[in-house]
Trainee: 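Before anything else, here's the structure in question.
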Amino acid sequence: MPIQPVEVVYTAVATAENGRDGRVASDDGQLDVIVNPPKQLGGSGAGTNPEQLFAAGYSACFQGALGVVARQAKADISGSTVTAEVGIGKTPDGGFGIKVALSARIPNVDEATARALVEQAHQVCPYSNATRGNIEVTLDVV
């Protein structure tokens, strides 16, 4: 699939120092966190890590996309939540890869409507579009 042009209206800027065992900060000072590898990857686990940051960003972005498609469908998604689980591990070629499991809880609609909204949100969400075809992303309604 060809790369779609994007008319950029906002650009986030963050800088990392010392990779997975250091600090990440945004240029506007709104984000400034210590990062450490999780214990499962041999780190101290004392700070956040890139997978947690990715999970936070993806879940927030997907929730926003869910809101867009729900408004179009005139569906009530008040009280809904989206949870992103980001797993990291070794790939068969010796590198590292990630996979994502997204779970949506949408209490004010029936299960079929919830599933349809989640599928539509997956087509709209910028994170879903960026990862499509690159990593495994599973969707669930809980």
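None of these values were measured; they are calculated from a predicted model.
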Trainee: Please test Leu102 against Val137 for side chain to side chain contact (heavy atoms under 4.5 Å, CB included), starting from the C-alpha separation and ending with a verdict.
Mentor: CA-CA 7 Å; Leu102 296 171; Val137 177; 4.1 Å; yes

Trainee: State whether the side chain of Asn49 and the backbone N or O of Gly45 hold a donor-acceptor pair below 3.5 Å, judged by distance alone.
Mentor: no

Trainee: Please name the pair of heavy atoms, one in Arg23 and one in Val35, separated by the smallest distance, quoted to 0.1 Å.
Mentor: N-CG2, 3.8 Å

Trainee: Within the structure provided, determine whether Thr15 and Asp27 are in side-chain contact (heavy-atom separation under 4.5 Å).
Mentor: no

Trainee: Counting distance only, does the side-chain N/O of Arg105 pair as donor-acceptor with the main-chain N or O of Gly79 below 3.5 Å?
Mentor: yes

Trainee: To the closest 0.5 Å, what do you measure between CD1 (Ile88) and NZ (Lys99)?
Mentor: 12.5 Å

Trainee: Less than 4.5 Å apart, side chain to side chain, heavy atoms only: is that true for Phe62 and Leu139?
Mentor: yes

Trainee: Count I, L, V, M, F, W, Y as connected when their side-chain heavy atoms are under 4.5 Å apart, and connections chain through other members. Are Ile98 and Leu41 then in the same cluster?
Mentor: yes

Trainee: Provide the closest heavy-atom pair for Cys61 versus Cys125 in the form atom of the first, atom of the second, distance.
Mentor: SG-SG, 3.5 Å

Trainee: Quick one: closest heavy-atom pair of Ser78 and Pro107, and the distance?
Mentor: O-CG, 3.9 Å

Trainee: For His122, does its backbone N or O pair with a side-chain atom of Arg132 as donor and acceptor, under 3.5 Å?
Mentor: yes

Trainee: Given 3.5 Å as the limit, does a donor-acceptor pair link the side chain of Glu85 with the main chain of Ala101, or not?
Mentor: no

Trainee: Flag the pair Val86 / Tyr58 as yes when at least one side-chain heavy-atom distance between them is below 4.5 Å, and no otherwise.
Mentor: no

Trainee: Show, in sequence, the C-alpha distance, side-chain angles and deciding distance for Arg115 and Glu119, and conclude whether the salt bridge (Lys or Arg N to Asp or Glu O under 4.0 Å) test is met.
Mentor: CA-CA 6 Å; Arg115 290 194 182 284; Glu119 288 291 338; over 6 Å; no

Trainee: Are Ile135 and Tyr127 connected in a single hydrophobic cluster, I mean Ile/Leu/Val/Met/Phe/Trp/Tyr linked by side-chain heavy atoms less than 4.5 Å apart?
Mentor: yes

Trainee: For the CD1 atom of Ile106 and the OG1 atom of Thr113, what is their distance to the nearest 0.5 Å?
Mentor: 9.0 Å

Trainee: Given 3.5 Å as the limit, does a donor-acceptor pair link the side chain of Ser103 with the main chain of Val142, or not?
Mentor: no

Trainee: How far apart are the closest heavy atoms of Pro50 and Arg20, and which atoms are they?
Mentor: CD-NH1, 3.6 Å

Trainee: Same cluster for Phe54 and Ile34 if Ile/Leu/Val/Met/Phe/Trp/Tyr side chains link at under 4.5 Å?
Mentor: no

Trainee: For the residue pair Ala14 and Val24, what are the closest heavy atoms and their distance?
Mentor: CB-CG1, 4.2 Å

Trainee: So, the side chain of Ser26 versus the backbone of Gln30: is there a donor-acceptor pair under 3.5 Å, distance only?
Mentor: yes

Trainee: Are the side chains of Val118 and Val82 in touch, meaning some heavy atoms are under 4.5 Å apart?
Mentor: no

Trainee: Less than 4.5 Å apart, side chain to side chain, heavy atoms only: is that true for Ile77 and Leu117?
Mentor: yes

Trainee: With no hydrogens and no angle check, just 3.5 Å: does a side-chain donor-acceptor pair link Gln52 and Thr48?
Mentor: yes

Trainee: Hey, could you give me the CG/CG distance between Asn36 and Asn18, rounded to the nearest 0.5 Å?
Mentor: 9.5 Å

